[in-house]
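Atom set for the values below is all heavy atoms of this structure, side chains included, hydrogens, waters and symmetry mates excluded. Chain letters run A, B, ... following the sequence lines, proteins first and then strands; every chain starts at 1.
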Amino acid sequence: MALDTEKNSYTVIFSIIMVVVVGAILAGLASGLKPMVKANERFEKQQNILYALGVNNNEGANDVEFISTDNVEEEFKKYIKKQYVFQGGELKENDEAYLIDIKKEETKAKKGDYKRRLPIFIGEKDGKEVYIVPVRGKGLWDAIWGFVALDKSMTIQGVYFDHKGETPGLGAEIKQRYFMDDFTGEKFLDGGVFKGISVAKGNNDPKNLIKDDQEIDALAGATITGDGLAVMLSKDIKMYMPYFKTLK
Amino acid sequence: MGLLSKKDSKLIMDPLADNNPITIQVLGICSALAITAQLKPSIVMAISVMFVMGVGNVVISLMRNIIPSKIRIIVQLIVVATLVIIVDQVLKAFAYTLSKELSVFIGLIITNCIIMGRFEAFALANGTWRSFLDGIGNALGYGVILIIVGFFRELLGSGTLFGFKVLGDPVEKTGLYAIGYENNGFMVLPPMALIVVGIIIWVQRSRNKDLIED
């Protein structure tokens, strides 16, 4: 019996069967792989936080090398002593503060009088207490984000930046070591007053040896990404000022 | 080739050179521009396209007698989209860092004209084995160009290959940089991909005069 594939009823039945079959395949695959994808995302956050703290496999490498995913959880427990959530002047301990979605908090805070939850991770490296906070902002094409490790006086101990869709070779260079390393030692406070850090073009300090000028040498050809990065640092770190004041 | 008949091996060999999907048919240019700034994503993209095209051609070929012709383009799109989502999910689960590097570009495989073109032109009219070979052949032809373009763009644009500094260190001024060489920042911008593809087309046509149209 020849199949009449031209009939309307056949087309409708064919479409329905196809949608059901494809839906079942994809739903099965997605739910089967979900635990692995979730774990990957968790490991990535832990790796990024540890990277900002200066715990990584960078020794002898040119590129950004993270703690390997196999032992990132142990290392995270070892170096990150406490995790807090700072909300409306109150400080609460929260062991899963690193999973807080900064983007959602930002949108929620824009609507109404919701006080943003601000995660803080207290790490310890070489006997020194370091405070790591997340930041998030806009680059040229899409979102940029990262983690900044600060000491009590709001001096940068290390940073990690990442982006969603900046141009390779230009804005995407914010996640290169040579750029991120420049931030170490820069100060957010100038005589006790909060001052952001600018990403400056035509800087007369290209090797970034002067650490108290609140300036980082810009990336060539990435003006908007660089400016976005500076804005992100100022606006997000400033929110933590009340917390850092309590430390003194 | 003992395994493949002469006709079958033509299906693999033709798209590699004389009927290359990028340089001769001028299809799939969009993704060639987007992801070839570095070599590694170019290779992963080539492998992903090979999976989508090989499996997709087989699926379409198997269904070719039951697909209603009225909605065949939609059916083809669903098959590509499904396979691309599978690739994306598998990369996210097993090669997370790589999947982040490729980000939107894996999704862009759906818009690759070569795939829909092969479904429409070949798989709908041919048997499973031949469709499979045709898919793999075309994906290889696409992949070869991607890898060539990725190689030159990463080498000349960033001085690296697979992220390793092969031309020396631009900051420390070692290797080629010591004698005044500088990375060509223009190479990492999308327009240069088009120019490199253009140069490949030029070289290919000047070597094989049969390809030149009057």
*Where does A:Glu44 contact chain B at under 4.5 Å (heavy atoms): side chain, backbone, both or neither?*
side chain

_Let's go through A:Leu26 and B:Ile86 carefully: what are the C-alpha distance in whole Å and the side-chain angles of both, what is the deciding distance for side-chain contact (heavy atoms from CB on, under 4.5 Å) to 0.1 Å, and is it a yes or a no?_
CA-CA 7 Å; A:Leu26 291 183; B:Ile86 292 175; 4.1 Å; yes

_At a 4.5 Å cut-off on heavy atoms, which part of B:Ser158 comes close to chain A: side chain, backbone, both, or neither?_
neither

*asked:* Taking side chain as everything from C-beta outward and backbone as N, CA, C, O, which of these in A:Thr11 sits under 4.5 Å from a heavy atom of chain B? Side chain, backbone, both or neither.
replied: both

*Go through B:Asn65, B:Thr97, B:Ile66, B:Ile78 and name the one with the most non-hydrogen pairs under 4.5 angstrom from chain A.*
B:Ile66

_For residues 62-81 of chain B, which residue pairs pass the salt bridge (charged side-chain N to carboxylate O under 4.0 Å, His left out) check, not counting sequence neighbours?_
B:Arg72-B:Glu120

*Hey, is NZ on A:Lys187 packed in by over 12 heavy atoms from elsewhere, all under 6.0 Å?*
yes

*Going by residue number, which parts of residues 28-39 of chain A are within reach of chain B, meaning a heavy-atom gap below 4.5 Å?*
A:Leu29, A:Ala30, A:Leu33, A:Met36, A:Val37

*Can you check whether anything in residues 219-229 of chain A gets within less than 4.5 Å of chain B, heavy-atom wise, and list it by number?*
none

*Segment of A:Asp142 engaging chain B (4.5 angstrom heavy-atom cut-off)*: neither

*What part of B:Asn183 lies closer than 4.5 angstrom to a heavy atom of chain A: side chain, backbone, both or neither?*
neither

*Under the side-chain contact (heavy atoms from CB on, under 4.5 Å) test, which residues partner B:Val75, sequence neighbours left out?*
A:Phe14, A:Met18, B:Met63, B:Ile67, B:Ile71

